[in-house]
Every structure is written in structure tokens, then in C-alpha cells.
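Take a look at the structure set out below.
Each ligand, and each atom within it, is numbered from 1 in the order the structure gives. Numbers here simply count residues along the sequence, with the first being 1. Atoms considered below: every heavy atom in the structure, side chains included; atoms not considered: hydrogens, waters and symmetry mates.
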Amino acid sequence: MPRQRPETAAPSPPPEGWQVLSADAPNAYPLAVVFDLDYTIWDLWIDTHITPPLKRKGDELNHLTDRCGTALSLFPEVPALLAELKVRRIHIAAASRTHTPELAREALSLLLVAGADGTVRAQTYFNTMEIYPGSKLRHFREIHRATGIPYEQMLFFDDEHRNFEVERLGVTMVLVRDGMDWAAWREGVNKWRGRRGIKVGRDGRD
Ligand SMILES: [Mg+2]
């Protein structure tokens, strides 16, 4: 009797075969990347850990403090990742269930990060922001309605297992364990490509 294949075995090819693309091909990437906020792009719950007002010291990069001196920063690899997505012309969205949407928007507006053309507000990277309590199914339906981007073209990063419910729509979600970073990005792109039957050729670079 043949041994069962280990779970780590490469996925079997799709019926129509793999589509092999170069890493620079636009369709080697999803059209939209969606980020949760709390414990995905920053390491706190903004509605419970932050007391307004938020302040920035001068033009200090990626650092705010609240009324009690609590610091708020994006995880260190997030600014460069956002810049890379922008270069690739990928639609960037935020989907958060926070109970303090205005405070979350204010944080993204105040946070300064280094971009390709100098310092920019983190908020400028986000083409769409859906920030309000409730099931993330609603957030994704709204992103889809506003942009027309198919769910199958959305890659989602979130730290909470319950939000896998959006995969029901066709979205690909990756669970973020220790904050968003390049490793999570690679995991997500590989998962999304696997589901779309896309392989990236050896000449490519990720
Ligand atoms: Mg979260």
C-alpha cells in the first residue's frame, strides 16, 4: 500500500496546467492586498491601548505617542512593503473592525514613513479604507463594490483566525503571527499563486 503523501507535498497541478510567469509579470501578483490593522500592521489594539490625542514629535518617522506616552509604530518592515506594493501598482486596502475608526484613521494620517520619493503619510498608501466594527465579510463586500476587483484577486493579511470566514467569498487569507513582514508577504503571494495555478519562473526574483 502506498504511503500517504505528506501534507507538505507540492500541490497537484490544476487541470489546465500551471501558468508559468516571470516574477515581474503584473498578473503574478493579486490586484489588491488588504491589511487588518491591530496586531497586523501595528502591535496593539488601537481602541483599548491608545488614549487620544496622538502626537508626533516633529517629522519623526514611524513613531507617535498618545496622551499616556504609549508608542504607536508600524511593524518595521511594513513601510518598505507598502512602498513595494505601490511600485507594483497593487491596490492597497485596510479592513479593520476597531471600535475607534476615527482614531485609526488619524494614526495612519499622522504616521510618517519613508517612501520612494521622500517622506509620506502612511495613509497615502491606502487606496481604500473600511474601518468599522462587524464581520469582515462586510468590509470585503464593500471593497469589492467600491473597486470592482474580484475576490479571487484579493490577498488578505490578518492576525485573527475567525476572519478566515472571508475565504468563503474567494479571498485568500494568511494568518499573521508576529506582525506583518516580508516573510508573511512571501507566504501570502505563494498561497495566492498556488490557488490561481501560477508559478514563477526561475529567472524571476521575488
Ligand atoms: Mg487584528
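When atom types are taken as modelled, the side chain of Asn127 and the backbone of Ile92 share a donor-acceptor pair closer than 3.5 angstrom. Using a distance-only test at 3.5 Å, with no hydrogens or angles considered, no donor-acceptor pair links the side chain of Trp18 to the main chain of Val200.
Per residue Asp36, closest N, O or S atom to the Mg ion (ligand 1): atom name OD2. Taking the N/O/S atoms of Asp159 in turn, the shortest distance to the Mg ion (ligand 1) belongs to OD1. Within Asp38, the N/O/S atom positioned nearest the Mg ion (ligand 1) carries the name O.
Residue contacts to the Mg ion (ligand 1): Asp158 brings no N, O or S atom closer than 2.8 Å. At a cut-off of 2.8 Å, Glu160 is not counted among the residues with an N, O or S atom near the Mg ion (ligand 1).
Using the six-membered ring where Trp is involved, His139 and Tyr132 have ring planes that are parallel, under 30° apart on the 30 and 60° scheme.
Side-chain contact annotation: Asp181 with Trp185, donor-acceptor N/O pair under 3.5 Å absent.
With a 4.5 Å cut-off on side-chain heavy atoms, Phe35 and Val78 do not count as touching.
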